Number of protein chains: 2
Amino acid sequence: MVESIASPLDAVFHALGDPTRRRMLRDLAGGERSVTELAEPAAMSLAAASKHIKVLEAAGLIRREVRWRTHVCRLAPEPLAAAHDWLGFYERFWTERLDILDRLLREETKKDDHPAPPQPQGEKSDD
Amino acid sequence: MVESIASPLDAVFHALGDPTRRRMLRDLAGGERSVTELAEPAAMSLAAASKHIKVLEAAGLIRREVRWRTHVCRLAPEPLAAAHDWLGFYERFWTERLDILDRLLREETKKDDHPAPPQPQGEKSDD
DNA sequence: GATTGATTCAACCATGTGGCTGAATGTGCC
DNA sequence: GGCACATTCAGCCACATGGTTGAATCAATC
């Protein structure tokens, strides 16, 4: 009860830690899906899939709309943005490494006695 | 046995799902840390902290160098970059929403015929 | 060889997770 | 009312996780 001060990132990263749930998110990236449609490729009981969906829902990663008999789920990307931001804090660490590599390459190039090509450097990795 | 084809993202996201481990990564962003140093703010036994560190290590998020008696850990950002990239796939979904919001605000503005007040919108909780 | 110090190992325990099956729920249609 | 359908609920089980404590390891120093 006092534990409920847990960060929302706990739930988000935990939800993302399961391949079935990540696959469901990918599916939802293609548009709305019913529970049955999400469960179908998962080779597991509907009840098990339903649990996964509830985990995603609890993490705020999907929203559910009950249309007649079927529950239609759609992506709720905000928590993904939060997780993305959290990871972004560390971006400098991997770009730093690339910078070091880049510098090494430049020195190689300089040794070869011709100018280094212009390097765009703020480029987000982007896919 | 056949299950060992699990994605490395499983381990990475699972490792990130625990606040203690995320705090450790933050600490490591400040430079190398010994196991004791990483354990110290955690209010738990050294053995428990050691387990967390092994989880991070198994996910490839930290590297360990044994210097005399102390094990010195440092950040290994590559898996974070992979996770960041994975999340980046969904970036269009949250930017899309912002675009829609932006369009709505513009239309509001046009209707009101005076500029919309600046909206503070992204209060990050941080973690 | 014994000591110190940092860390891990080995039980052990409580709780959480992920799967199953079978029953229950809710909601239109016949 | 009863049926069909989509989904969840309630148990149950195996195993993973996260914590504990106490013993073990390993390397330099006294």
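Throughout, a chain's letter reflects where its sequence line sits, starting with A, and its residues are numbered from 1. Since the model is a prediction, treat every value here as computed from it, not as a measurement.
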Once you round it to whole Å, what is the distance between [atom2] of [N] and [atom1] of [X]?
| X | N | atom1 | atom2 | value |
| --- | --- | --- | --- | --- |
| A/K54 | D/dT8 | NZ | P | 7 Å |
| A/L38 | D/dA6 | CG | P | 14 Å |
| A/L56 | C/dG18 | CG | P | 11 Å |
| A/M44 | C/dT17 | CE | P | 16 Å |

Note to self: So that I know where these two stand, are B/H14 and A/H14 an aromatic pair - ring centroids less than 6.0 Å apart?
What the structure shows: no
Where do N or O atoms of nucleotides 10-15 of chain C meet protein N or O atoms at under 3.5 Å, pair by pair?
none

Notebook entry, point to check: Do any pairs count as a salt bridge (Lys or Arg N to Asp or Glu O under 4.0 Å) and have a residue in residues 28-47 of chain A, sequence neighbours left out, and if so which ones?
Noted result: A/E32-A/R67
Check: For A/A48, which contact category applies under a 4.0 Å heavy-atom criterion: base, sugar-phosphate, or nothing?
Finding: sugar-phosphate
Margin query: Under 4.0 Å, counting only non-hydrogen atoms across every strand here, what does A/S45 touch: a base, just sugar-phosphate, or nothing?
Written below: base
Margin query: Under 4.0 Å, heavy atom to any atom of DNA chain C: which of residues 15-25 of chain A qualify?
Written below: A/D18, A/R21
Check: Would one find a side-chain N or O of A/H71 under 4.0 angstrom from OP1 or OP2 of D/dT8?
Finding: yes
Notebook entry, point to check: Does a side-chain N or O from A/S50 land closer than 4.0 Å to OP1 or OP2 of D/dT8, or not?
Noted result: yes
Margin query: According to a hydrophobic-cluster definition based on side-chain heavy atoms being under 4.5 Å apart (Ile, Leu, Val, Met, Phe, Trp, Tyr only), do A/L16 and B/V55 belong together?
Written below: no
Next item on the list: Apply the test side chain to side chain contact (heavy atoms under 4.5 Å, CB included) to residues A/D18 and A/H52: give CA-CA distance (whole Å), side-chain angles for both, the deciding distance (0.1 Å), then the verdict.
Entry: CA-CA 9 Å; A/D18 184 287; A/H52 280 298; 3.6 Å; yes
Next item on the list: Sequence neighbours left out, what passes salt bridge (Lys or Arg N to Asp or Glu O under 4.0 Å) with A/R26? Give chain and number order.
Entry: none
Checklist line | Side chain proximity check, B/R74 to B/I62, heavy atoms < 4.5 angstrom | finding: no
Note to self: Does any part of the side chain of A/H84, heavy atoms only, come nearer than 4.5 Å to the side chain of B/E91, both counted from C-beta?
What the structure shows: yes
Margin query: By nearest heavy atom, map A/L46 and B/S34 onto DNA chain C; which one lands nearer the 5' end?
Written below: B/S34
Next item on the list: Apply side chain to side chain donor-acceptor pair (under 3.5 Å) to B/R23 and list each qualifying residue two or more places apart in sequence or on a separate chain.
Entry: B/D27
Contact list (N/O, under 3.5 angstrom) for nucleotides 25-30 of chain D vs protein:
unit_1: D/dA28; atom_1: O4'; unit_2: B/W68; atom_2: NE1; d: 3.0

Margin query: Using only atom types and a distance under 3.5 Å, with no angle test, would you say the side chain of B/T70 pairs donor to acceptor with the backbone of B/V72?
Written below: no
Check: What's the spacing between A/L75 CG and A/R63 CZ if we round to 0.5 Å?
Finding: 10.0 Å
Checklist line | Mutual orientation of the aromatic rings belonging to A/F13 and B/F13 [parallel < 30°, tilted 30-60°, perpendicular > 60°] | finding: parallel
